[in-house]
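Got a structure for you, questions after.
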Amino acid sequence: QVQFVESGGGLVQPGGSLRLSCAASGSIFSLYGMGWYRQAPGKQRELVATVTSSGRTTYADSVKGRFTISRDNAKNTVYLQMNSLKPEDTAVYYCNAAAQTTMSSRPWTYWGQGTQVAVAS
């Protein structure tokens, strides 16, 4: 069974940095697009950044220039480097990935369990 597990969240002061990781466990035949979403209390989950299997990236306007998404295909891992953090970045961050577990299976979208990021002085 495939699972994606996030790590790297925590409490940081405004202007600080954190690096989130999301690693897949289990057997994966092919990994497609990956991304990060976040959900703040009382708000809907929103897209933060995505990266395709070839490395093409997209970002929400609110994080452009501050966050960087990357992936290591050999490790089936996606990262989110977050710099110049603001209090409004406080949320639970979830990774998301489309993966195929066998050659004959259909791609499936997986979600991590979430990691809390809190930005406060």
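Values reported hereafter were calculated over all heavy atoms of this structure, with side chains retained and with hydrogens, waters and symmetry mates removed. Note that the coordinates shown come from a computational prediction; the quantities given were computed from them, not determined experimentally.
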dist Thr58:OG1 -> Leu47:CG (nearest 0.5 Å) comes out at 5.5 Å
- Query: Got Ser17 and Gln81 here, is their nearest side-chain heavy-atom distance under 4.5 Å?
  - Reply: yes
* Asked: Does some side-chain heavy atom of Gln100 sit less than 4.5 Å from a side-chain heavy atom of Trp108?
  -> no
Would you tell me whether Tyr37 and Arg45 have side-chain atoms, one donor and one acceptor, within less than 3.5 Å of each other? no
Exercise. Passes side chain to side chain contact (heavy atoms under 4.5 Å, CB included), Thr101 versus Phe29? Steps please.
Worked result: CA-CA 5 Å; Thr101 54; Phe29 173 75; 5.8 Å; no
One should read off an interatomic distance between Ile28 CD1 and Thr102 OG1, to the nearest 0.5 angstrom, of 12.0 Å
- Can you check side chain to side chain contact (heavy atoms under 4.5 Å, CB included) on Thr68 and Tyr59, steps first, answer last? CA-CA 8 Å; Thr68 302; Tyr59 296 92; 3.8 Å; yes
Practice task
May I have the step-by-step check of side chain to side chain contact (heavy atoms under 4.5 Å, CB included) for Gln3 and Gln113, ending in yes or no?
Solution key: CA-CA 9 Å; Gln3 288 185 319; Gln113 82 287 354; over 6 Å; no
d(Phe4 CZ, Cys22 SG) to nearest 0.5 Å is 6.0 Å
Side chains of Asn96 and Tyr110, heavy atoms from C-beta outward: is any pair under 4.5 Å?
no
Flag the pair Val117 / Leu20 as yes when at least one side-chain heavy-atom distance between them is below 4.5 Å, and no otherwise.
yes
Measure the shortest side-chain to side-chain distance between Met82 and Asp89 over non-hydrogen atoms and say whether it is less than 4.5 angstrom. no
Decide whether Tyr79 and Val63 are clustered together by the hydrophobic rule: side chain heavy atoms of Ile, Leu, Val, Met, Phe, Trp, Tyr closer than 4.5 Å, transitively. no
When rounded to the nearest 0.5 Å, the distance separating NZ of Lys86 from CZ of Arg66 is 4.5 Å
Of all heavy-atom pairs linking Ala49 and Leu80, the shortest is CB-CD1, 4.3 Å
Check your understanding: Would one find more than 12 heavy atoms of other residues, nucleotides or ligands at under 6.0 Å from atom CD of Glu88?
Key -> yes
Q.
Do Val2 and Trp36 sit in one hydrophobic cluster, given that two such residues count as connected whenever their side-chain heavy atoms are within less than 4.5 Å of each other, even indirectly?
A. yes
Heavy-atom closest pair (Ala99 atom, Leu31 atom, distance to 0.1 Å) is CB-CD1, 3.7 Å
- Shared ILVMFWY cluster between Val119 and Val92, side chains joined below 4.5 angstrom? no
_We want to know whether Asp72 and Thr77 form a side-chain donor-acceptor pair, criterion being a heavy-atom distance below 3.5 angstrom._
no
Exercise. Are Arg19 and Asn83 side-chain neighbours, meaning at least one heavy-atom pair lies under 4.5 Å?
Worked result: no
Smallest heavy-atom separation, Met34 atom then Asn76 atom, equals CE-O, 4.5 Å
d(Ser62 OG, Glu46 CD) to nearest 0.5 Å is 5.5 Å
Would you say the side-chain atoms of Gln116 pair up with the backbone N or O of Ala91, donor to acceptor, closer than 3.5 Å? yes
Do Thr57 and Thr50 pass the side chain to side chain contact (heavy atoms under 4.5 Å, CB included) test, and can you show the C-alpha distance, the side-chain angles, and the key distance before you say yes or no? CA-CA 5 Å; Thr57 59; Thr50 64; over 6 Å; no
* Validation row: Val51, Val78 side chains within 4.5 angstrom (heavy atoms) -> yes
The reported gap from CG in Leu11 to CD in Gln13 (rounded to nearest 0.5 angstrom) is 8.0 Å
**Asked** Within the distance-only criterion (no hydrogens, no angle test), does the side chain of Arg71 pair as donor or acceptor with the backbone N or O of Thr52 below 3.5 angstrom?
**Response** yes
Quiz prompt | Between Glu6 and Tyr94, a side-chain donor and acceptor under 3.5 Å | solution = no
**Request:** Please tell me if the side chains of Phe67 and Ser84 come closer than 4.5 Å, counting only heavy atoms from C-beta onward.
**Result:** no
Handout entry: Salt-bridge contact Asp61-Lys64 (side-chain N to carboxylate O under 4.0 Å)
Key = yes
